[in-house]
Protein chains: 2
Amino acid sequence: MTAIKAYAAQSATSPLAPFSIERRALHPDDVQIEILYCGVCHSDLHTARNEWHNTLYPCVPGHEIVGRVSAIGSAVTRFRVGELAGVGCMVDSCGHCSSCQEGEEQYCENGFTGTYNGPVFGGENTYGGYSQRIVVKESFVLRIQHEENNLAQVAPLLCAGITTYSPLRHWRVGPGMKVGVVGLGGLGHMGVKLAHAMGAHVVLFTTSPGKAADAKRLGADEVCISTDAAQMGRYQGQLHFILNTVAAPHDINTFLGLLRKDGTMTLVGVPEHPHPSPAVGTLIFGRRSLAGSLIGGIAETQEMLDFCAQHQIGSDVEIIPMDYINTAYERMLKSDVKYRFVIDMQTLR
Amino acid sequence: MTAIKAYAAQSATSPLAPFSIERRALHPDDVQIEILYCGVCHSDLHTARNEWHNTLYPCVPGHEIVGRVSAIGSAVTRFRVGELAGVGCMVDSCGHCSSCQEGEEQYCENGFTGTYNGPVFGGENTYGGYSQRIVVKESFVLRIQHEENNLAQVAPLLCAGITTYSPLRHWRVGPGMKVGVVGLGGLGHMGVKLAHAMGAHVVLFTTSPGKAADAKRLGADEVCISTDAAQMGRYQGQLHFILNTVAAPHDINTFLGLLRKDGTMTLVGVPEHPHPSPAVGTLIFGRRSLAGSLIGGIAETQEMLDFCAQHQIGSDVEIIPMDYINTAYERMLKSDVKYRFVIDMQTLR
């Protein structure tokens, strides 16, 4: 056990502040990583402030981790000291349920272990990436093939990237498909980049006319202002798939009507209060589906990272020092970031 | 044009009563059918009473029609005079949109023409099966291969049968799958019979303990009383697919939680008021889907009829005379029928 520096919330109402944590001595299958960059996800804020009513304190958030391997256990075969490595939202799962057997650890029936805030179904706390170092079981560590000068942009792929990549792949987005992305934030801007790279025709839906130019720069073929009924009308029954990244309660039925027959709209954000109930008639007349999707499995996360390296895709980021985190949270609440804060973890040393 | 006897509602508040209608002279591709039996669907009542606010009066309901061909147009090739024939919910569609080209006329982008109440998007009224005779374009007429002594049981297949068969097929229900059917009414009892015949393990969910024995007789392997939290708990995350036939507003989230990873619950009834909004977390944690499905295309309706003939499946029916229809509606509102009223159209002659 070695003590390292971290940033932690001690309660739902206390700001994040310097804190000392310990990391375990390496098990034979463990990889120790010196953290270079850690992305700032909205889940970090929800958890730090106990908005999901399940936070274990002290809380060290951060699950968009990129770093360099500094030690390996005796049984580790896929990583060597000095290599780059990534850690996303999970650091363990049961390994034997049908979801784990299928390589979809995010749906582990016994509850995966989050990179921070411990196992889904209760147990010892875990500390995330707002820290100098992390020790993770090899099978939950990702390889990074991006160029080293873009590492800050890689960090958000570990959550925002896989959360959008997985549903786009699951619902087979590709050439010949017209795909809607709702919302242009941390998730939405990755959805636009990835759907575009997969060859789809991408329509970005936003309430902010000011985001149109940026959406097109990121890869959107068209931008629709979703509060404009005339613009929305042009897309009725036109889209094969919609990735809805907006967690704030909104009228999802407006978007369901844009789907073609057999189209699916997939939600990736959990609203604090329910969305208005979707009209069943909109589902029935068109055999449409409303679905949800949670991050992605480890194998798929690796596939996403490799895809992004190949297509030179990273997140658009604003790099911040560790002691800026509380200000960053306030700005995140106002959507004042294009499009992801990433902490330069050198600033914690 | 020939005048024939029918039963019609003249307004939303008038009971159905004898009425004279005309059927068109045969076009070259028309089939004329003397109606033997007509099933009574809840949509008949909704339409007669203008509960969907789109009824054209006079209204002659009835879209579960079985009869005998009495004349054919000069270009008809698939039917001969004297043969049995069926007509379901549709008598025409545009024929050229992508849904029609795919043989899914029920999703016709220009609106199919209902067997009664005319085209979905407005136009001349059509008169349904509460009548002696109907004239229908050959391509919307179904072949009946059931034995002649079971014809009353065949009529409800044309709506209740295909409405449940189509989603069971679309979501690939078969051996090795655990399938839930919610509700044991006209649709639900067909869902149980069909899912059982397709080889699935069928769990019937009902609020009525008194229906358990009947559900098992119809083919359910298990019955769960959905108001009993302990019973419901046993099915958490267990079902591959759920066919939800209940149109009354209810907590659909309770059932979504019973789905396995990647499971779908499909709604086939439009509630008068919205169901409570489903919890997005239930969709996300398990990549579950909530979908809708509308009757089925003509080719699939034929496939369903052939499947039912092969497996000797019909509806459980109570045969009534035409002049009992208003009483039947009142009983249907109290779910006092096992499980479908079918009018013996000889009683109208």
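Numbers restart at 1 for each chain; the letters A, B, ... are given by sequence-line order, proteins then strands. Here the structure is a predicted model, which is why all the values come from computation and not from measurement.
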Compile the donor-acceptor pairs, distance criterion under 3.5 Å only, formed between chain B and chain A.
{"from": "B/E102", "atom 1": "OE1", "to": "A/K261", "atom 2": "NZ", "distance (Å)": "2.6"}
{"from": "B/E104", "atom 1": "OE1", "to": "A/K261", "atom 2": "NZ", "distance (Å)": "2.5"}
{"from": "B/E104", "atom 1": "OE1", "to": "A/R287", "atom 2": "NH2", "distance (Å)": "2.7"}
{"from": "B/E104", "atom 1": "OE2", "to": "A/R287", "atom 2": "NH1", "distance (Å)": "3.4"}
{"from": "B/E104", "atom 1": "OE2", "to": "A/R287", "atom 2": "NH2", "distance (Å)": "2.9"}
{"from": "B/K261", "atom 1": "NZ", "to": "A/E102", "atom 2": "OE1", "distance (Å)": "2.6"}
{"from": "B/K261", "atom 1": "NZ", "to": "A/E104", "atom 2": "OE1", "distance (Å)": "2.5"}
{"from": "B/H275", "atom 1": "O", "to": "A/S277", "atom 2": "OG", "distance (Å)": "2.6"}
{"from": "B/S277", "atom 1": "OG", "to": "A/H275", "atom 2": "O", "distance (Å)": "2.6"}
{"from": "B/R287", "atom 1": "NH1", "to": "A/E104", "atom 2": "OE2", "distance (Å)": "3.3"}
{"from": "B/R287", "atom 1": "NH2", "to": "A/E104", "atom 2": "OE1", "distance (Å)": "2.8"}
{"from": "B/R287", "atom 1": "NH2", "to": "A/E104", "atom 2": "OE2", "distance (Å)": "2.9"}
{"from": "B/R288", "atom 1": "O", "to": "A/G292", "atom 2": "N", "distance (Å)": "3.3"}
{"from": "B/L290", "atom 1": "N", "to": "A/L290", "atom 2": "O", "distance (Å)": "2.8"}
{"from": "B/L290", "atom 1": "O", "to": "A/L290", "atom 2": "N", "distance (Å)": "2.7"}
{"from": "B/G292", "atom 1": "N", "to": "A/R288", "atom 2": "O", "distance (Å)": "3.3"}

Next item on the list: Taking the side chain as every heavy atom from C-beta outward, state whether A/P274 and B/P276 have any atom pair closer than 4.5 Å.
Entry: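 A side-chain contact under 4.5 Å is absent here.
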
Check: Given the options B/G281, B/A247, B/G286, which has more heavy-atom pairs under 4.5 Å with chain A than any of the others?
Finding: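 It is B/G286.
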
Checklist line | Side chain / backbone / both / neither for A/P167 at chain B, heavy atoms under 4.5 Å | finding: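 Neither part, no heavy atoms under 4.5 Å.
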
Margin query: At a 4.5 Å cut-off on heavy atoms, which part of A/V268 comes close to chain B: side chain, backbone, both, or neither?
Written below: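 Contact with chain B: backbone only.
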
Notebook entry, point to check: Between B/I284 and A/V270, which heavy-atom pair has the shortest distance, and what is it?
Noted result: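 B/I284 and A/V270 have their closest heavy atoms at CD1-CG2, 3.7 Å.
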
